[in-house]
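Comments concern the structure below.
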Amino acid sequence: MTDRLIPSTAALLAALTAAACAAGPTSGNTYESEFAKLTADCERRGGILATNGQQTGDPARDYVCEIRGQPSSRIR
């Protein structure tokens, strides 16, 4: 019986580990929520969120806020 219990336990442990990895983290910011926050902040400042050509999986690194229109008060 012991000779069947060890492989069964190992298979169960491997399946649970794979399921946990596939599910990913359940807390914290997701890409979409971080992207939405960056978009709202950029629009609040009068800008447009634009891609910079990178694809890192981190919206803060993948996008820049392009502010167009009036120059800032320190330039005038």
Side-chain angles (χ1 to χ4, degrees):
M1 176 156 170
T2 307
D3 55 340
R4 282 197 285 169
L5 182 61
I6 293 174
S8 299
T9 304
L12 178 62
L13 182 59
L16 290 174
T17 303
C21 290
T26 57
S27 63
N29 288 336
T30 63
Y31 187 93
E32 291 83 15
S33 66
E34 184 68 21
F35 180 79
K37 187 172 86 171
L38 287 171
T39 301
D41 182 51
C42 184
E43 289 175 354
R44 181 183 53 78
R45 295 185 296 156
I48 299 171
L49 204 62
T51 183
N52 64 9
Q54 295 182 354
Q55 293 182 348
T56 65
D58 179 12
R61 292 183 181 169
D62 296 345
Y63 293 89
V64 295
C65 183
E66 292 182 0
I67 299 176
R68 300 177 181 173
Q70 301 263 341
S72 68
S73 59
R74 62 186 159 90
I75 296 178
R76 289 187 232 177

>> Would you compute the distance between atom OH of Y63 and atom OG1 of T56 and round it to the nearest 0.5 angstrom?
In response: 9.5 Å
>> Nearest 0.5 Å, please: how far is CZ in F35 from CG in L49?
In response: 5.0 Å
>> Give me each pair satisfying side-chain hydrogen bond (donor to acceptor under 3.5 Å, both in side chains) with a member in residues 38-51, each pair once, sequence neighbours excluded.
In response: D41-R44
>> Per the disulfide (SG to SG under 2.5 Å) rule, what does the pair list look like for residues 31-62, sequence neighbours excluded?
In response: C42-C65
> Which residues satisfy the side-chain hydrogen bond (donor to acceptor under 3.5 Å, both in side chains) test with E66, sequence neighbours excluded?
Replying inline: R68
>> Going by ring pair (Phe, Tyr, Trp, His ring centres under 6.0 Å), name the pairs with one or both residues in residues 36-56, residues two or more places apart or in two chains.
In response: none
>> Does anything in residues 36-55 form a ring pair (Phe, Tyr, Trp, His ring centres under 6.0 Å)? List the pairs, not counting sequence neighbours.
In response: none
>> Suppose the criterion is salt bridge (Lys or Arg N to Asp or Glu O under 4.0 Å): which pairs have a residue in residues 51-60, not counting sequence neighbours?
In response: D58-R61
> Under a single-linkage definition using a 4.5 Å side-chain heavy-atom cutoff for Ile, Leu, Val, Met, Phe, Trp and Tyr, are L38 and Y31 assigned to the same hydrophobic cluster?
Replying inline: yes
